[in-house]
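FYI, the numbering just counts along the sequence from 1. Nothing here was measured: the structure is a model prediction, and the numbers come from that model. Below, each value reflects all heavy atoms present in this structure, side chains not excepted, and no hydrogens, waters or symmetry copies.
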Amino acid sequence: MTRDTGHCKRPVDAVATVSETGGTVPRYQAPVAPPIAFVVLGFPCLLSLLSLEFVWRSTRFRPTKPSAGTDEFFDAKYKTKKNIWELSLEGDYFERCEIDPASAEMTAKWLVKLPIQRPELISNLSIPTEILDVLHLMPLLASLHCPTLEDSDGMALSECKSLKKLSISGVFIGEESPEQLVQQVVDMLKPTKIQEVAIYLPLQQLPPPASHPSSANEPHLNRDMVNFATIASTLLAALPLASATIYFQETFAGDKLPARWVQSESKDDYGKFKITAGKFFADSKASRGLQTSQDAKFYAMSAPLDKEFDNKGKDLVLQFTAKFEQNIDCGGGYIKLLPKFEAKTFNGDTPYSIMFGPDICGYDKKIHAIITYKGKNHLIKKTITPGSDQLTHQYTFVLHPDQTYSILLDGETKESGSILESWDLLPPKKIKDPNASKPSDWVDEAEISDPTDKKPANWDDIPATIVDPDAEKPEDWDDEMDGEWEAPKISNPEYKGEWVANKIPNPAYKGAWVHPEIDNPEFKEDTEIYAFKNSHVGFDLWQVKSGTIFDNIIVTDSLDEAKEFAKKTFDDLKDAEKEAKDKLDEKEKKEAEEKEKAEKKDDAKSADAEEVSADEDEHAEL
């Protein structure tokens with residue numbers, strides 16, 4: 001991306017409009033008027049701002065080394081300002097910061113201290129890293145303007161949790177196309193929380209186009225600039241930087257079941273859930289989850305989402321972890337995503353949108369991925385192997401608006417593709433014409449027997465078996481007792497089998513008959529199979545052997561958000577959990593060995609005691 005090092009003030013927006021004659025011409029929009037808040041604050045606040053601006057521009061933060069005097073200047077001139085609504089750092093100051101890191105460090109420290117209610121940073125160059133590193137400490141920082149972005153800037157901006165708007169002074173120069181320039185901006189800002197991006201273009205004094213007469217004093221964009229503005233607006237609209245929404249998130253970090261979870265009363269003998277980290281864990285608090293606690297029981301419990309999730313036009317991401325601590329032999333470990341219903345009536349017949357997660361019974365182990373469509377539940381046609389050991393595993397299901405999906409296990413994609421291909425949701429587009437049938441005279445035999453081919457003479461005179469010439473009558477064979485001896489037979493090596501005429505191409509062959517197809521009247525295109533309106537998550541399970549721990553549930557419209565959640569709740573804990581499991585296994589192994597030794601020792605004592613008792617009985621009899 002081109003780096004603009006020239007000094008420029010905040011540019012004017014370049015917006016393309018359609019003229020009365022139908023041609024596309026540039027329209028010029030003046031900079032936005034001062035915020036209404038300035039007017040509301042009144043004259044005293046305005047004087048305060050002017051004073052700050054005067055002091056700021058008069059000092060310009062000269063690139064001198066920080067000193068005690070500098071801190072005193074800050075305390076005297078800035079700390080007393082209680083209503084600083086806007087702060088601008090412009091032009092050559094940032095240029096100095098790049099040359100002198102000490103100035104940048106000083107500014108970073110001061111930015112955190114200033115009582116700014118609506119900070120806005122305007123830089124003419126790339127923002128110094130020292131300043132970007134502290135932007136996330138300014139919770140009210142909502143907008144930022146800079147001329148261009150470097151890769152490192154994009155990473156730093158991802159730390160600015162409150163930053164929603166970004167404006168960039170970009171110029172279409174050199175080998176980069178407009179598409180490439182805008183795409184770079186979009187790619188760099190994807191990890192951030194930014195929702196709105198504006199690309200400003202500096203105006204150039206060029207002769208006005210013939211199709212757009214105007215005064216000689218009016219500035220104009222050249223054609224490259226107009227082209228760039230049009231493409232930029234199109235690409236940014238097509239690739240919006242929308243913020244993620246989390247509709248449900250649960251870690252069961254407390255020592256009690258969260259109040260939003262409702263136990264079903266559909267049956268009076270449901271199994272009970274409890275909150276525990278289990279027998280082994282990475283962290284006694286972070287590893288807490290919802291555990292089944294009674295064998296051979298049905299379980300039914302649900303919780304409402306924070307708000308209804310209509311994923312039309314959005315990704316749907318459902319993610320959770322399951323830990324089969326009990327070394328499960330038969331039972332479900334899946335979760336359901338459901339539309340609105342009465343929680344206390346929740347059971348296996350309650351309609352749901354998605355059922356997803358591991359299901360294990362003996363050697364049959366798979367990840368269920370069931371989608372409901374028009375009242376019917378459809379199983380995925382692929383077999384996906386789950387994690388079936390005793391460790392925690394993470395399951396992620398993603399549906400995209402383009403009717404594709406992804407299923408991830410522990411963050412790795414196990415299956416992906418088209419929803420229409422992996423589930424039987426729609427009837428086929430074409431069916432065989434029920435009114436068509438193969439013509440009676442249709443010849444579909446590619447070869448026929450050669451009518452000129454004749455069977456050789458004496459072909460049938462050669463027997464299939466002959467007497468074994470090497471066989472001999474046993475010496476102990478008794479003809480009177482055993483009957484007349486007959487030599488066994490063997491396959492005749494000269495036998496050629498049944499004669500079959502040679503095959504030749506059938507001159508009447510018309511090829512394989514193909515049943516003609518027609519449009520299926522029952523088929524109807526549906527581009528919104530992926531879309532649901534969900535209000536609850538729930539567990540509806542049967543387990544022969546209890547002990548499964550469910551945890552770290554998230555429902556969102558962003559896979560990146562789910563991955564960020566997974567890093568804290570799964571990725572950062574899995575190694576420690578494995579170590580805890582290994583230690584527990586070693587402890588149980590030693591205890592088992594000691595128990596076995598103790599039992600053998602007790603058995604030996606019992607045997608000695610029985611032997612002594614037998615000897616005493618024998619002496620007593622004597």
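- Under the 3.5 Å distance criterion, the side-chain polar atoms of Ser406 are left unmatched by any main-chain donor or acceptor of Val398.
- The CD1 atom of Ile549 sits 5.5 Å away from the OG1 atom of Thr276 when rounded to the nearest 0.5 Å.
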Would you sort out whether Tyr247 and Asp557 count as a side-chain contact (heavy atoms from CB on, under 4.5 Å), showing the intermediate values?
-> CA-CA 8 Å; Tyr247 295 87; Asp557 55 13; 3.9 Å; yes
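- Side chains of Lys381 and Ser422 form no contact here, defined as non-hydrogen atoms less than 4.5 Å apart.
- A salt bridge does not link Lys340 with Glu308: none of the charged nitrogens is closer than 4.0 Å to a carboxylate oxygen.
- A ring-centre distance under 6.0 Å is found for Phe341 and His536.
- Between the side chain of Gln249 and the backbone N or O of Ile553 there is no donor-acceptor pair closer than 3.5 Å.
- Judged purely by atom type and a 3.5 angstrom limit, Ser293 uses its side chain to pair as donor or acceptor with the backbone of Lys272.
- Separation of atoms CD1 (Ile407) and OG (Ser416) is listed at 9.0 Å; rounding is to 0.5 Å.
- Residue pairs satisfying the ring-ring contact (aromatic ring centres under 6.0 Å, His included) criterion with at least one member in residues 269-293, sequence neighbours excluded, are listed as follows: Phe273-Tyr299.
- Partners of Asn552 under the side chain to side chain donor-acceptor pair (under 3.5 Å) rule, at least two apart in sequence or in another chain, are Thr321.
- Shortest non-hydrogen contact noted between Asp315 and Pro401 is OD1-CD, 3.1 Å.
- Under the 3.5 Å distance criterion, the side-chain polar atoms of Thr556 are matched with a main-chain donor or acceptor of Thr245.
- Contact annotation: the side chain of Tyr395 never approaches that of Gln319 to less than 4.5 Å [non-hydrogen atoms, C-beta and beyond].
- The pair Asp329-Lys545 does not meet the salt-bridge criterion, since no charged nitrogen lies less than 4.0 angstrom from a carboxylate oxygen.
- The aromatic rings of Tyr405 and Phe397 lie perpendicular to each other, with more than 60° between the two planes, well past the 30° mark.
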Tell me, with the steps shown, if Lys344 and Val262 meet side-chain contact (heavy atoms from CB on, under 4.5 Å).
-> CA-CA 7 Å; Lys344 291 186 178 181; Val262 178; 4.0 Å; yes
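- Sorted by first and then second residue, the ring-ring contact (aromatic ring centres under 6.0 Å, His included) pairs involving residues 361-382 (not counting sequence neighbours) are Tyr334-His368.
- With rounding to the nearest 0.5 Å, the separation of CG in Asp540 from CD1 in Ile335 is 11.5 Å.
- Shown are Leu318, Ile554, Thr413, Leu408; of these, the side-chain contact (heavy atoms from CB on, under 4.5 Å) with Thr396 is made only by Leu408.
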For Glu325 and Thr548, run side-chain hydrogen bond (donor to acceptor under 3.5 Å, both in side chains): C-alpha distance rounded to whole Å, both residues' side-chain angles, the deciding distance at 0.1 Å, then the answer.
-> CA-CA 6 Å; Glu325 188 177 78; Thr548 303; over 6 Å; no
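- A 4.5 Å side-chain heavy-atom check between Val537 and Leu305 finds at least one atom pair inside the cut-off.
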Stepwise side-chain contact (heavy atoms from CB on, under 4.5 Å) check, Leu290 with Asp551 | CA-CA 6 Å; Leu290 190 67; Asp551 201 2; over 6 Å; no
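- Within the structure, every pair that satisfies the ring-ring contact (aromatic ring centres under 6.0 Å, His included) test and touches residues 549-590, not counting sequence neighbours, is listed here: Phe539-Phe550.
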Kindly determine whether Phe248 and Arg260 satisfy side-chain contact (heavy atoms from CB on, under 4.5 Å), including the steps that lead there.
-> CA-CA 11 Å; Phe248 186 87; Arg260 62 179 170 179; 3.4 Å; yes
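- The CG atom of Asp571 sits 8.5 Å away from atom CG of Asp410, with the distance rounded to the nearest 0.5 Å.
- For Lys589 and Asp585, the salt-bridge test fails: no basic side-chain N is under 4.0 Å from an acidic carboxylate O.
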Just do the side-chain hydrogen bond (donor to acceptor under 3.5 Å, both in side chains) check on Thr292 and Gln543 with the steps written out, would you?
-> CA-CA 8 Å; Thr292 56; Gln543 289 199 340; 2.7 Å; yes
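- Side chain of Ser287 to main chain of Asp283: a donor-acceptor pair is present (N/O by atom type, distance under 3.5 Å, no hydrogens or angles).
- With hydrogens and angles ignored, the 3.5 Å screen pairs no side-chain donor or acceptor of Trp261 with any backbone N or O of Pro304.
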Where do Lys567 and Asp572 land on the salt bridge (Lys or Arg N to Asp or Glu O under 4.0 Å) test, with the steps shown first?
-> CA-CA 6 Å; Lys567 185 180 186 306; Asp572 293 347; 3.5 Å; yes
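- Looking at heavy atoms from C-beta onward, Leu399 lies in side-chain contact with Ile371 at the 4.5 angstrom threshold.
- Among pairs with a residue in residues 391-408, none fulfils salt bridge (charged side-chain N to carboxylate O under 4.0 Å, His left out), at least two apart in sequence or across chains.
- With sequence neighbours excluded, the residues forming a side chain to side chain donor-acceptor pair (under 3.5 Å) with Tyr352 are Asn377, listed by chain and number.
- Screening Lys524, Lys430, Lys432, Lys429 for a salt bridge (Lys or Arg N to Asp or Glu O under 4.0 Å) involving Asp519 leaves a single residue, Lys430.
- Between the side chains of Glu577 and Thr392, at least one donor N or O sits under 3.5 Å from an acceptor N or O.
- Between the side chain of His515 and the backbone N or O of Asp433 there is at least one donor-acceptor pair closer than 3.5 Å.
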